[in-house]
Number of protein chains: 2
Amino acid sequence: MVSTRGSTPRGDGVPAAIVGLLGTRKPSSRVDIARSLGLSPATVTQVTRDLIARGVVEERVSVPSRGGRPAKLLGLVAGAGVALGATVTADRVALVTVELDGSVRTWTQHPFSPNSPDAPRELAEILAGEVNTIGERLLGVGVGVPGSVDSQESGFVRAPSFGWHAVPIGPVLRKTLDAPVLVDNDVNTLAAAEQVYGIGRDHSSYLVVTIGKGIGCAMVLDKAIYRGATGSAGEIGHIPVSSDGPVCGCGDTGCLEAHIGAAGLLRTARERGLVGARGRLATLLRAARDGDTAAQDVYREAGELLGRSLSGIVLTLDPEVVVLMGEGMDAWEHWRPGFEPALRRCLAPTRAELPVVVEPWRDDQWARGAASLVLAAPFDTAGNGGEQSHRVRARLGSRET
Amino acid sequence: MVSTRGSTPRGDGVPAAIVGLLGTRKPSSRVDIARSLGLSPATVTQVTRDLIARGVVEERVSVPSRGGRPAKLLGLVAGAGVALGATVTADRVALVTVELDGSVRTWTQHPFSPNSPDAPRELAEILAGEVNTIGERLLGVGVGVPGSVDSQESGFVRAPSFGWHAVPIGPVLRKTLDAPVLVDNDVNTLAAAEQVYGIGRDHSSYLVVTIGKGIGCAMVLDKAIYRGATGSAGEIGHIPVSSDGPVCGCGDTGCLEAHIGAAGLLRTARERGLVGARGRLATLLRAARDGDTAAQDVYREAGELLGRSLSGIVLTLDPEVVVLMGEGMDAWEHWRPGFEPALRRCLAPTRAELPVVVEPWRDDQWARGAASLVLAAPFDTAGNGGEQSHRVRARLGSRET
DNA sequence: ACTCCTTTGTTTGACACTAAAATTACTGGC
DNA sequence: GCCAGTAATTTTAGTGTCAAACAAAGGAGT
C-alpha cells in the first residue's frame, strides 16, 4: 500500500492533502504523513514548516518512543477552516457548518420552494447569510441536490422531481457568494462523507445505498466517487424488477423504486388494508414492530427485492463493502430478513461474505455530506472537481497570502 | 479537456507515455504531444531528444503550416518494441506478437490443457519459445485468462472452469521468462485493447460486453479499467434473471449466462426441437438465417434478456457507450430485435440514445487484447499495474542503458 | 522585399520534490 | 553514567518539470 487516498499529491495539492489528512486522522507525525501520502519526509518537513507558520497546523506533544527519536505529533489548529454544506429538498434547505475535522458547528433549516422560477437566487440568498457570518475562514460551499449534476465543477442540475432542467445552481451561487462552490447529487455527497470520515478510510471500493423516499446508490471505486458520463450513475431506483408492476414517477412501470420507495411501500400497505387510505408509513412501521406479520411481510418483500437487485450490482462492481443508510433505515430490522438471503443467494462463493454495513440515520446527515464535498477536495488529486476544487485547496494551503 | 488519457505522467512515466501516445496516434508534433499528455512543450523537447538519441523515436517530415512555424512530426522507429500476448482457453493457448502501433506480427496457437496440475509451467514453456525468438525488443508479456486475477501485478488466477484456485500464473511466468508479465481477466484485456486502440481514444467511460460461451463484461470508468475488490468485477453472467431457470455452472439457477450463454441457447433450441440432441449452435444460426422464425425467437428472447439485464447496469454505471463483442456476435442480427427495445425501455429519457457499438469478431482478438495489457502500461499513470507495469515503462523509455 | 503575425520548438532560471547523509532525541543494556 | 541501537526529523545536493523569454520558420499583406 503506497498511499492511503488516491495517488500522491503534487504542487498546491501537497499542503492541502496534509491538512486534509490531519482533519480526518488523529494527530500524526511527519513520517506518518509522508507514508500516508506517498511523499518523502523531507517534503513534509518543508511544507509543515510553512503550515505551522501560517497558523493552520500546530505541533502537539511528543509521543514516547520505543527506541528512537520520539515523534512530534502535528494537529490542526481548531477553527482554521470551515466548510458550509447545504441540501435541497422539496420544501426546505438544510445548512450545516463543519470544522475541518468533521465536527458540526451549526445546523439550521430554511423553508425553500424549488419549483419557484427564481430558485437558484433564493438558494443563494439563504446561503449568503451563513457565508457572511463565517467570513474569512470559509473554505467553500458544498451543495447536495436530489438529481444529476453535469459536473461538480460547473453545477448545472437536472432534477425531474423539482422540474429542474439544467438549472444553473453552481454558476448562480458562485457569482453571489464569492467562494468555491461544489454541487453534486445528494447520494454522492453521502459517499463523499464516507470517503473522508467513514468507511473510505479503510476501503477503496464500496457502494453507498440509500433507502427513503427513493432508492439511491453512490459508488466509490478505487477511492474515487464515480459519477458516470452524464452525472447520473447510481440511478438504481429505476432498474426494472417486474414487467407489470406499479407505475413509477419516471413514467415506466415496475421500477425498483416504485416497489420499495416510501410511496411504493405505502401503496402496498394500503392495498393490503394495513393502513387506511390516509395512513402514513409510520403506521405500517408501528404495526410491524407490534408483531403484525402482514406488516412485516411488506418490509420483508421489499428487502427481498432490494437484495436481489443489489446482488446484480455487486456481481457487476465487486465492491469491498456495501453501506446502507437513509431515512428508511429506521425500519431496517424488518427489511433484513428478506434482504440477507436474497442478496447472498446469487453471490459467487467468493463474495458470499460481502460485509453490509448498516448506518444509523441522523437528520443532519444530508447536509453533512454536502459539506464533505468541500472537505474531500484536498484528496481530489485526479482533479475531478476542477477549478472549484482547486480553489478550495488554495484556501487551505496556498503559500502566498 | 486537459489530457487525453488519465492524469499527466511523471518521472519515468513521461518517456513511456510519449512512446505510448505515438504508438496509438498518427505521428504528432512536440506541441501536440505536450497538449495530449498535459506536459509543457519544454519537457517534451527534452524527453524526445533523449528518445531520438536512443533510437526509439525519429523525426519525420515537416508538415506545411497554416501561418506559423511548421511542425516537425515525430514517429516511432519501426520495430523498436514488441509485446507478446497470450490467451488461455480450455484446450489451447493463442499467442500474438504485436508492434507498438498495434499491428500484429505473428499469430500462433498451441494445444494446452489447463487441468494439468503443472499448467503454469507448461504455459511458461509455450511462451518461452516466443520470448527467446523476440529477444531484446520484448517489452513484456500479457496473459488473458477466463477467470479473476488478484491483481495484474501479482497474477494469481481463480478460474473455476479450469479448476484453478489461486494458481500462480504470474509468479511462475515471471520466474521463467525474465520479462514483465501482466495477467488479467480475458474480458478486461479486450477492454485494454479498446482503451489503447479503440473506443477509449474518444470516450472515458464505457462497457465492453462479450457474448460467447459465457457472458462477460469489462468496464472502463473514468479512463481506467475497473477490476473490483477481488478482481471479479463484471461477472454479469451470474446475475439472476429468473427464479426457476436452468441450472448454471456456478451451481445457482436462473443466471443470465445459463439462459443466453452458448450452452443455454443450445439447450433452449434442443428443448424446442430446433436442433437434434447432438446438434450444434451453428445449426440454430443457419436455421435463423434461413428464416426459421422459431430459431429467430430463441435469439430474440436472448436479446431481450440481455437488454433487460444491461439496462440495469447502464442505469447504475451511466456509461458513454456500450461495446459488444465476442464469438457470439456472428448471430447478432438475430439478437438485436429483442435487445434494442428491452435495453432502451428502462433508460431514463436522458440515456435513451445510448450508443451501442457492435464490433465484428476476429479470431486473434483475445490474444491481441492480452498484448494490449503491455501496450496500455505506458498510460497506467495511476500505477495499477504496479511493479510489472513499471518494468514495461522502464524498457520503453528509461534514460539509462 | 519587407514587415507583422502566428505557431513550433528551445533555452533558461526557478522551484518542488527527492534520496541520502547528517542530526537529534530518545531507549535499553551494561 | 556511558555506549550502542533505533527511529524521527532536518539538511544538503541533485533531478525533473515548468513558465517565460527567446529563436526559428514559415504565411499574408503591402
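Each chain gets a letter, A, B and so on, in the order its sequence line appears, and its residues count up from 1.
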Asks: From CD1 of A:Ile52 over to C1' of D:dT10, roughly how many Å is that when rounded to an integer?
Replies: 13 Å
Asks: For A:Ala193, give me all partners under side chain to side chain contact (heavy atoms under 4.5 Å, CB included), at least two apart in sequence or on another chain.
Replies: A:Ser372
Asks: Quick one: B:Arg30 CZ to D:dA24 P, roughly how many Å, whole number?
Replies: 15 Å
Asks: Can you give the donor-acceptor pairs under 3.5 Å from side chains of residues 171-182 of chain B to other protein atoms, not counting sequence neighbours?
Replies:
residue	atom	partner	partner atom	Å
B:Arg174	NE	B:Gln388	OE1	3.3
B:Arg174	NH1	B:Glu153	O	3.1
B:Arg174	NH1	B:Ser154	O	3.1
B:Arg174	NH2	B:Glu153	O	2.9
B:Arg174	NH2	B:Ser154	O	3.1
B:Arg174	NH2	B:Val181	O	3.1
B:Thr176	OG1	B:Val172	O	2.8

Asks: Grab the CG-C1' distance between B:Leu51 and C:dG9 for me, whole Å please.
Replies: 16 Å
Asks: Do B:Arg69 side-chain and C:dT8 base share a donor-acceptor contact under 3.5 Å?
Replies: yes
Asks: Indicate whether OP1 or OP2 belonging to D:dT10 is found under 4.0 Å from a side-chain N or O atom of A:Thr45.
Replies: yes
Asks: Suppose we screen for salt bridge (Lys or Arg N to Asp or Glu O under 4.0 Å). Which residues come up paired with A:Asp32, at least two apart in sequence or across chains?
Replies: A:Arg35
Asks: Check each residue of residues 60-68 of chain A for a non-hydrogen atom within less than 4.0 Å of any atom in DNA chain C, then write out the ones that pass by number, or none.
Replies: A:Ser65, A:Gly67, A:Gly68
Asks: Nearest-Å distance, CG (B:Leu73) to C1' (D:dA25)?
Replies: 15 Å
Asks: Mapping B:Pro9 and A:Pro70 onto DNA chain D by nearest heavy atom, which one lands closer to the 5' end?
Replies: A:Pro70
Asks: Between the protein and nucleotides 18-22 of chain C, list every N/O to N/O distance that falls short of 3.5 Å.
Replies:
residue	atom	partner	partner atom	Å
C:dT18	OP2	A:Ser40	N	3.0
C:dT18	OP2	A:Ser40	OG	3.1
C:dT18	OP2	A:Thr43	OG1	2.5

Asks: Can you tell me the distance, in whole Å, between the CZ atom of B:Arg49 and the C1' atom of C:dT11?
Replies: 9 Å
Asks: In whole Å, I'd like the distance from the CD1 atom of B:Ile33 to the P atom of D:dC18.
Replies: 14 Å
Asks: Distance from B:Glu59 atom CD to B:Leu73 atom CG, nearest 0.5 Å?
Replies: 9.5 Å
Asks: Main chain of B:Tyr206, side chain of B:Glu320: is a donor-acceptor contact present, judged purely on distance under 3.5 Å?
Replies: no
Asks: Pick out which of A:Val374, A:Val82, A:Leu139 makes a side-chain contact (heavy atoms from CB on, under 4.5 Å) with A:Leu100.
Replies: A:Leu139
Asks: Using a 6.0 Å cut-off, check whether atom CZ of A:Arg137 has over 12 heavy atoms from anything other than its own residue.
Replies: yes
Asks: Given side-chain contact (heavy atoms from CB on, under 4.5 Å), test A:Leu74 with A:Glu58 step by step and report yes or no.
Replies: CA-CA 6 Å; A:Leu74 299 176; A:Glu58 62 188 359; over 6 Å; no
Asks: Expressed in angstrom and rounded to an integer, what is the separation of B:Arg35 atom CZ from D:dC18 atom P?
Replies: 15 Å
Asks: Sorted by first residue and then second, give each side-chain hydrogen bond (donor to acceptor under 3.5 Å, both in side chains) pair with at least one member in residues 65-82 of chain B; sequence neighbours left out.
Replies: none
